[in-house]
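Beneath this line is the structure, given in structure tokens, with notes to follow.
Please read all numbers here as calculations on a predicted model, not as lab measurements. Just so we're on the same page: letters track the sequence lines, and every chain starts at 1.
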There are 4 protein chains.
Amino acid sequence: MSEVVAALRQTVASLHGELTRYGLVAWTAGNVSARVPGQELLVIKPSGVSYDDLAPENMIVCDLDGVVVEGDLSPSSDTAAHAYVYRAMPEVGGVVHTHSTYATAWAARGEAIPCHLTAQADEFGGEIPVGPFALIGGDDIGKGIVATLSGHRSPAVLMRNHGVFTIGKDARAAVKAAVMCEDVARTAHLARALGQPLPMAQADVDSLYDRYQNVYGQAGR
Amino acid sequence: MSEVVAALRQTVASLHGELTRYGLVAWTAGNVSARVPGQELLVIKPSGVSYDDLAPENMIVCDLDGVVVEGDLSPSSDTAAHAYVYRAMPEVGGVVHTHSTYATAWAARGEAIPCHLTAQADEFGGEIPVGPFALIGGDDIGKGIVATLSGHRSPAVLMRNHGVFTIGKDARAAVKAAVMCEDVARTAHLARALGQPLPMAQADVDSLYDRYQNVYGQAGR
Amino acid sequence: MSEVVAALRQTVASLHGELTRYGLVAWTAGNVSARVPGQELLVIKPSGVSYDDLAPENMIVCDLDGVVVEGDLSPSSDTAAHAYVYRAMPEVGGVVHTHSTYATAWAARGEAIPCHLTAQADEFGGEIPVGPFALIGGDDIGKGIVATLSGHRSPAVLMRNHGVFTIGKDARAAVKAAVMCEDVARTAHLARALGQPLPMAQADVDSLYDRYQNVYGQAGR
Amino acid sequence: MSEVVAALRQTVASLHGELTRYGLVAWTAGNVSARVPGQELLVIKPSGVSYDDLAPENMIVCDLDGVVVEGDLSPSSDTAAHAYVYRAMPEVGGVVHTHSTYATAWAARGEAIPCHLTAQADEFGGEIPVGPFALIGGDDIGKGIVATLSGHRSPAVLMRNHGVFTIGKDARAAVKAAVMCEDVARTAHLARALGQPLPMAQADVDSLYDRYQNVYGQAGR
């Protein structure tokens, strides 16, 4: 096992702790993966295993067709969707899937989350879009994710009647997008529950997105 | 005390930790039981004891009429309902009862939870049904559970004006059903709060249910 | 310091941990007290002290006029209300005050919580009533609590535009009532948010209340 | 590094733990600062660093124009707003910024939170006001905060489509205001979700505010 794969096993296993910390997942219903840079491989959660029991050793390494390369357990049942995204979007280094509650409520109605918050402009650059209904088991979910997010600013898609998929330059960025997606989905839900949120000018959304993507945080991190 | 009973005392005591972890219970209002395979016995929580104080030693062993066989404390006041289910449904190995908030809100209105989420199709195979109002103290609750769940895909029933009962092949499966029931009840509540969730085709619900029951997770677990 | 007072200092300090565990309090806004049996004394939280810093040593002992008898800090600013309840209701051994969110939302509208749940029938015996608006600083809050709860089954009152006071035979029972009050307030809120909860027959409410008060839990506890 | 700065590094780092404890922040989106008394300096969180990783050593010391004086990392991207407040309001010793969910939902609609709760009268002295929409990156947010809070009783402002800023005599007081702001925002949201909260007389609001500011808590703390 290469050192880079060993490091990603550790990263992917521990990043699931952010899904539980922020309450984005129930039981075993959510997963994180990372692309192995420079190799046609990904590292992903095993299927149906409790978050308490995740460890670098039981992460699964698959090729980009979702075939297991290292690991004794079956990979996440969402592996085909993750793999499709890595094949189609070479800039993506991490993928996350959750059924986080508020975001999934928007997905159940098939409604994009309109952008009424500076935090949403920062991270998503505008609305969080809805993807098609698709059945698990083939490439349909992956195709729906890629079709919706290609050329879109948002790193998150609300898959209809299903839940959230997020992408990022690495697994940590995709996890951050999943956390922020639920955060803005919840605030947007509450705002609309008692009336209409005030609109934001497109120029302001653009300005916030540009600044956040290029200035926020520590340079080089 | 047989080894199998000793192991189930441990399992039942520790599974209550999932009820508190997922916020399904307040104070002492919820309980888990397991059937002792091959014996006419069940293991259940003692009545009115704090979740912090549960341990293998204070679990109660009852026969399938709810009569205490081992244990110094009174068994859960819901023991009669658990026992009735084990007598009537030989395939059931675990039963859970909670008043989890969102699911109980649907129960208070006497409304089944319609299936608008793939996660609900996976675990429940369609809607989560409502059972009758029934008073504690005899077989009425047990009869209502069995009448509602017999021949139904759902392992969860919303007992009117009361709360949730779930069943499973073992106690862990029944706890999972209780966790997922609250999760989909909450998402369904939020989805409907701002509009109408989009319908799912029955064929898609059927396909998801079939796949989840037969493919998901690790074989043999 | 008598042994009974020492024990109650421990009990009262540690019971505040249930207020934080169940999310009933923010910052320092909630308090528990206990009557010292057979003495004209009560034990209560100091004012404005963080829940993290509570310990038996910093609990305050007051007489039943709220005058400090033991303790270097000021007692809770709600001490006058607690003391009034102990003077007027000799059967009460514990009092709790919170601004728990859902219950306080009902209090802000001045609406009693109607009884649509078996859990509410068990603990409260029917609706949870509303008390008058009253300013802090004299006996007005205490009078409002006593006027509302005297002769009422409910151990909880929703003080208008303010929050919850609960009573019990001891401090633990009053804390339980505070936990259950928020639990049923939340479920009742959610049930009504999407429609109308189904009514329960008064005879069923009476039967549940009678059973819960006399049969539930462990005898002698 | 002076002793007072060293102590404030510790205070500011640890107070971020209250933001996570009360669920006011997601990922890295919220920050606390303190003025260094008697010096033209402030201590603030570094930008984009996880709350788990905050420590006295990585806090940033800036002058009151937001220029870094001590620290290897970039300061919070909200530093300009904090600095503006300290320049304009000499009585302010602490500033907090969050996107806490319920308060931000009010901010998204541009609605002040009306005062229907004694807890709000105590801490905020009436309504919690709305400030203007302002872009990050210059003095506009700071100006909006100061314009809204100058001469206002409330230590919290809901910045439109953005989130909450709070002020206090020190950082701890500003954190308390942020915690209480979300608490009353949530209760007010729920109260209005099912009807209309009852009005409070202005004289009662005034009386509660006066008492809380002058009597509550421990003298000299």
Side-chain angles (χ1 to χ4, degrees), chain B residues 20 23-30 46-53 58 60 71-78 97-111 113 130 132-138 140-141 158-164 182 185-186 188-194, chain C residues 14-15 17-18 21-24 100 102 113-123 172-201 203-221:
Chain B
T20 55
L24 307 188
V25 288
W27 209 250
T28 61
S47 180
V49 173
S50 165
Y51 296 110
D52 290 349
D53 297 332
N58 58 24
I60 310 298
D72 297 327
L73 301 170
S74 305
S76 165
S77 59
D78 298 300
H97 175 47
T98 80
H99 302 155
S100 68
T101 309
Y102 283 84
T104 301
W106 290 90
R109 291 190 307 271
E111 279 189 67
I113 304 175
V130 173
F133 180 80
L135 286 177
I136 198 169
D140 288 356
I141 292 177
L158 310 173
M159 294 297 283
R160 237 194 67 190
N161 297 103
H162 182 177
V164 178
E182 181 65 5
R186 183 168 44 225
H189 178 100
L190 294 169
R192 222 184 74 184
L194 296 188
Chain C
S14 72
L15 279 171
E18 301 293 333
R21 182 207 295 242
Y22 286 103
L24 307 188
S100 68
Y102 283 84
I113 304 175
C115 186
H116 297 303
L117 297 169
T118 58
Q120 186 170 341
D122 286 348
E123 177 74 19
R172 184 170 184 81
V175 170
K176 182 191 179 188
V179 170
M180 298 312 293
C181 179
E182 181 65 5
D183 194 57
V184 301
R186 183 167 46 225
T187 307
H189 177 100
L190 294 169
R192 221 184 75 183
L194 296 188
Q196 281 300 329
L198 297 173
M200 290 175 71
D204 290 335
V205 172
D206 293 347
S207 166
L208 286 162
Y209 180 68
D210 179 65
R211 186 181 199 279
Y212 192 76
Q213 299 304 317
N214 296 303
V215 179
Y216 183 79
Q218 305 298 332
R221 296 180 131 208

CD on C:Gln120 to NE2 on B:His99, rounded to 0.5 Å: 12.5 Å

Approximate separation, where rounding is to 0.5 Å, of B:Thr101 OG1 and C:Glu182 CD: 9.5 Å

Side chain B:Arg192, main chain C:Leu194, donor-acceptor under 3.5 Å: yes

Least distance between heavy atoms, B:Leu135 atom then C:Ser207 atom: CD1-OG, 3.9 Å

Best-contacting candidate, C:Val175, C:Asp122, C:Val179, against chain B by heavy atom pairs under 4.5 angstrom: C:Val179

Pairs of heavy atoms under 4.5 Å with chain B: top-ranked of C:Ala193, C:Ala119, C:Pro197, C:Ala121: C:Pro197

Considering all heavy atoms, the nearest C:Tyr22-B:Trp27 contact: OH-N, 2.8 Å

Atom pair CZ (C:Arg21) and OG1 (B:Thr20), whose distance is rounded to the nearest 0.5 Å: 8.0 Å

Distance in Å, B:Ile141 CD1 paired with C:Thr118 OG1, rounded so as to fall on 0.5 Å steps: 7.5 Å

Working for side-chain contact (heavy atoms from CB on, under 4.5 Å), residues B:Ile136 and C:Arg211: CA-CA 9 Å; B:Ile136 198 169; C:Arg211 186 181 199 279; 3.3 Å; yes

Atom pair NE2 (C:His116) and OG1 (B:Thr104), whose distance is rounded to the nearest 0.5 Å: 14.5 Å

Nearest-0.5 Å distance, CZ of residue B:Arg160 to CG of residue C:Leu198: 5.0 Å

Closest non-hydrogen atom pair, B:Phe133 against C:Asp204: CE2-OD2, 3.3 Å

Shortest non-hydrogen contact from B:Arg109 toward C:Leu190: NH1-O, 3.5 Å

Chain C contact via B:Asp52 - which portion, at a heavy-atom distance below 4.5 Å: side chain

Shortest non-hydrogen contact between B:Ala108 and C:Leu117, atoms and distance: CB-CD2, 4.0 Å

